[in-house]
Amino acid sequence: MKTLVDKLCLKHTLSAEEYRSLLLCEDADTNAYLQEKARQTTIARFGNAVYIRGLIEISNRCRNNCLYCGIRKSNTMVSRYSLSRETILSCCREGYALGFRTFVLQGGEDLSQTDDWITDTVSTIKHEFPDCAITLSLGEKSLATYQRFFEAGATRYLLRHETFNEAHYRELHPSEMNRDHRLLCLEWLKIIGYQTGTGIMVGSPGQTIDHLVEDIQFIERFQPEMIGIGPFIPHADTPFGNEPAGSIEMTLKLISIFRLMHPSALIPSTTALATLSPDGRERGILAGANVVMPNLSPSSVRKQYALYDNKASFGSESAEGLKLLEEQLNEIGYKISYLRGDFVSSNHCHSEEL
Ligand code: SF4
């Protein structure tokens, strides 16, 4: 099985059957070897520096009803908020002073935050912080709207496809949403010129190994600049409230596979990993991730942005916890990079040099 890891490292691709075998492999030596190769590949490409992105959760209102999501429209238990532009700017100011050079504006599909309003907000941030990158994660919009946001100064967009398999997509989403439209949005983002991020939930209800293989092969074709992978974590007030959480081990394995498949990708060690395990973030880094996204949202609203239960948003997950994060990263031989950390494609394969 280690030869499959070597092959992935060298060729950046495997057949569907080979990916399947790797995902099913429970041999501890092979899995450790996979992580080691992924870690070496990350270090060859990025050194031991981990990029930080300041996450600002601008609204927990959403017109959609994704079955797994704690802030879905039908959840009446949530106390809703939308941040004002001034509050978002003060989060950016606080983050800038701490050293952040990327701001990620994430939120539900909140119709009260109109396209005009978001465009103006992006321009205002860009004007005040011209040296910073702005990432948006605001769901599905029209091509024209994505274009306006881009022209206003947002250059990165995160839109996880969650699952590539169409039937599985339907199990996770209400009938008004469809997988093809999600994929179309991703195409638009790439065409416009965004550094585009997509990704999946690991262990979502109904997910099979074959679905994961389809996800891997989609990501291999799509070549996103950013790949977000987190374990599914149930939220009690959703239809999936009693489902088991996804596996940390499988999430780590996928991080390693994506790193070997796409050495220059920006791969976050997600909050969901940190939520499931106290050392989850560090384990994600050791499996090949190279980004963390501490929370810059006002502390008063953090608990209300609960996509799943017990979501980590304090301690080293929060922006104030940067020192703690630095210490945790130091302990595993890494440090924070305060650079913007744009995607840079590599013309040659560093992993081949290992
Ligand atoms: S996952 Fe996103 S689009 Fe779906 S309900 Fe939650 S916030 Fe809305």
Side-chain angles (χ1 to χ4, degrees), residues 55-83 88 104-115 117-118 135-142 145-146 149 154 156-166 168-186 188-189 196-207 215 226-241 243 245-246 268 270-272 275 293 295 297 301-311 313:
L55 177 66
I56 306 170
E57 293 156 337
I58 66 170
S59 169
N60 71 350
R61 294 198 164 88
C62 189
R63 65 179 172 151
N64 290 328
N65 242 333
C66 305
L67 275 74
Y68 47 84
C69 179
I71 61 170
R72 64 201 300 269
K73 181 174 65 180
S74 299
N75 184 3
T76 54
M77 308 297 280
V78 181
S79 143
R80 305 282 173 174
Y81 72 87
S82 309
L83 297 186
I88 295 170
V104 181
L105 273 48
Q106 184 168 73
E109 295 187 18
D110 178 353
L111 298 177
S112 73
Q113 292 179 335
T114 62
D115 295 347
W117 185 88
I118 290 168
T135 306
L136 298 179
S137 178
L138 301 173
E140 296 184 12
K141 308 280 178 190
S142 69
T145 298
Y146 285 142
F149 294 167
R156 305 175 186 163
Y157 206 102
L158 306 174
L159 183 68
R160 291 212 234 176
H161 68 284
E162 304 297 5
T163 181
F164 183 78
N165 182 275
E166 204 170 356
H168 187 222
Y169 193 93
R170 281 199 297 271
E171 284 177 51
L172 303 181
H173 297 93
S175 55
E176 314 84 80
M177 296 178 75
N178 77 76
R179 187 219 46 177
D180 287 350
H181 190 261
R182 173 75 42 132
L183 299 183
L184 183 62
C185 288
L186 284 167
W188 287 340
L189 292 165
T196 305
T198 194
I200 56 171
M201 254 180 324
V202 180
S204 55
Q207 185 178 64
D215 288 317
M226 303 171 284
I227 306 172
I229 318 142
F232 162 75
I233 304 178
H235 186 293
D237 301 321
T238 65
F240 293 153
E243 297 287 338
T270 54
T271 302
T275 300
M293 295 170 60
N295 201 322
S297 308
V301 301
R302 281 187 202 165
K303 288 286 170 220
Q304 285 147 256
Y305 200 88
L307 301 177
Y308 43 80
D309 286 338
N310 305 314
K311 179 175 157 233
S313 62

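All ligand and atom numbering here is 1-based and tracks the order in the structure.
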Scan side-chain atoms only and decide if H161 and D215 contain a donor-acceptor pair under the 3.5 Å cut-off.
yes
Closer than 2.8 Å to atom 6 (Fe) of ligand 1, what protein N/O/S atoms do you find?
C69 SG
Would you check if C185 and Y157 make a side-chain contact, meaning some heavy-atom pair closer than 4.5 Å?
no
Contact check, side chains of L158 and M293, non-hydrogen atoms, under 4.5 Å:
yes
Between E140 and R182, does at least one N-O distance fall below 4.0 Å, as a salt bridge requires?
yes
Which heavy-atom pair separates R179 from T163 by the least distance, and what is that distance?
CG-O, 4.1 Å
Taking the six-membered ring for Trp, are Y68 and F232 closer than 6.0 Å centroid to centroid?
no
Under the 4.0 Å line, does any protein heavy atom show up next to atom 2 (Fe) of ligand 1?
no
